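I have placed the structure first, in the form of structure tokens, so that the comments after it can refer back to it.
When reading the values below, keep in mind they use all heavy atoms of this one structure, side chains included, and skip hydrogens, waters and symmetry mates. Just so it is clear, the model here is predicted, and its values are computed rather than measured.
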Amino acid sequence: MKRPWMPMYWGDFQAKTSHLSTEECGAYLLLISHYWCHGSVPQTQLTRSRAARLSLKKWKAIEPIIQAFFDAELRHSRIDEEIEKSTKISAK
């Protein structure tokens with residue numbers, strides 16, 4: 001399902017990502033963008049690296065840092081909540 005907009009709570013984002021480097025922050029933003037559009041992050045390291053626009057080598061170096069934002073099944077509870085809200089609004 002294509003969602004027309006993704007709410008972004010910059011205060012929350014900044015509070016949770018201030019420890020990230022610029023590259024890590026960019027990779028995380030690209031992954032949550034992919035998650036919003038597709039309902040999940042890609043399932044393999046190679047496809048996650050591509051979604052984050054990083055080489056596989058670079059992705060493997062930062063993956064543990066980025067994966068900390070997702071659960072063991074690569075779900076992101078905040079984005080899931082926002083997808084649910086968006087779906088309800090669109091249904092109206």
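Arg53 places no side-chain N or O within 3.5 Å of a backbone atom of Ala27 that could act as its donor or acceptor partner. Formation of a donor-acceptor pair under 3.5 Å by the Glu73 side chain with backbone atoms of Asp71 is not found in this model. Under a 3.5 Å cut-off, the side chain of Ser33 and the backbone N or O of Leu29 do not form any donor-acceptor pair.
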Quiz: residues 8-19 side-chain donor-acceptor pairs under 3.5 angstrom, not counting sequence neighbours:
| unit_1 | atom_1 | unit_2 | atom_2 | d |
| --- | --- | --- | --- | --- |
| Asp12 | OD2 | Arg78 | NH1 | 2.9 |
| Asp12 | OD2 | Arg78 | NH2 | 3.3 |
| Thr17 | OG1 | Phe13 | O | 2.6 |

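Residues satisfying the side chain to side chain contact (heavy atoms under 4.5 Å, CB included) test with Thr22, not counting sequence neighbours, are none. Partners of Glu23 under the side chain to side chain contact (heavy atoms under 4.5 Å, CB included) rule, at least two apart in sequence or in another chain, are Ser21, Leu54, Lys58. Judged as a side chain to side chain contact (heavy atoms under 4.5 Å, CB included), and not counting sequence neighbours, the contacts of Arg50 are Leu46. Here Lys60 pairs with Gln45, Leu56 under the side chain to side chain contact (heavy atoms under 4.5 Å, CB included) rule; sequence neighbours left out. When the salt bridge (Lys or Arg N to Asp or Glu O under 4.0 Å) test is applied to Glu84, the partners found at least two apart in sequence or on another chain are Lys88.
Atom OG1 of Thr87 and atom CD of Glu82 lie 11.0 Å apart (nearest 0.5 Å). Atom CD1 of residue Ile65 and atom CG of residue Leu20 lie 7.5 Å apart, to the nearest 0.5 angstrom.
Taking each heavy atom of His76 and Phe69 in turn, the nearest pair found is CD2-O, 3.4 Å. Nearest heavy-atom pair, His34 versus Ala51, reported as atom, atom and distance to 0.1 Å: CD2-CB, 4.1 Å.
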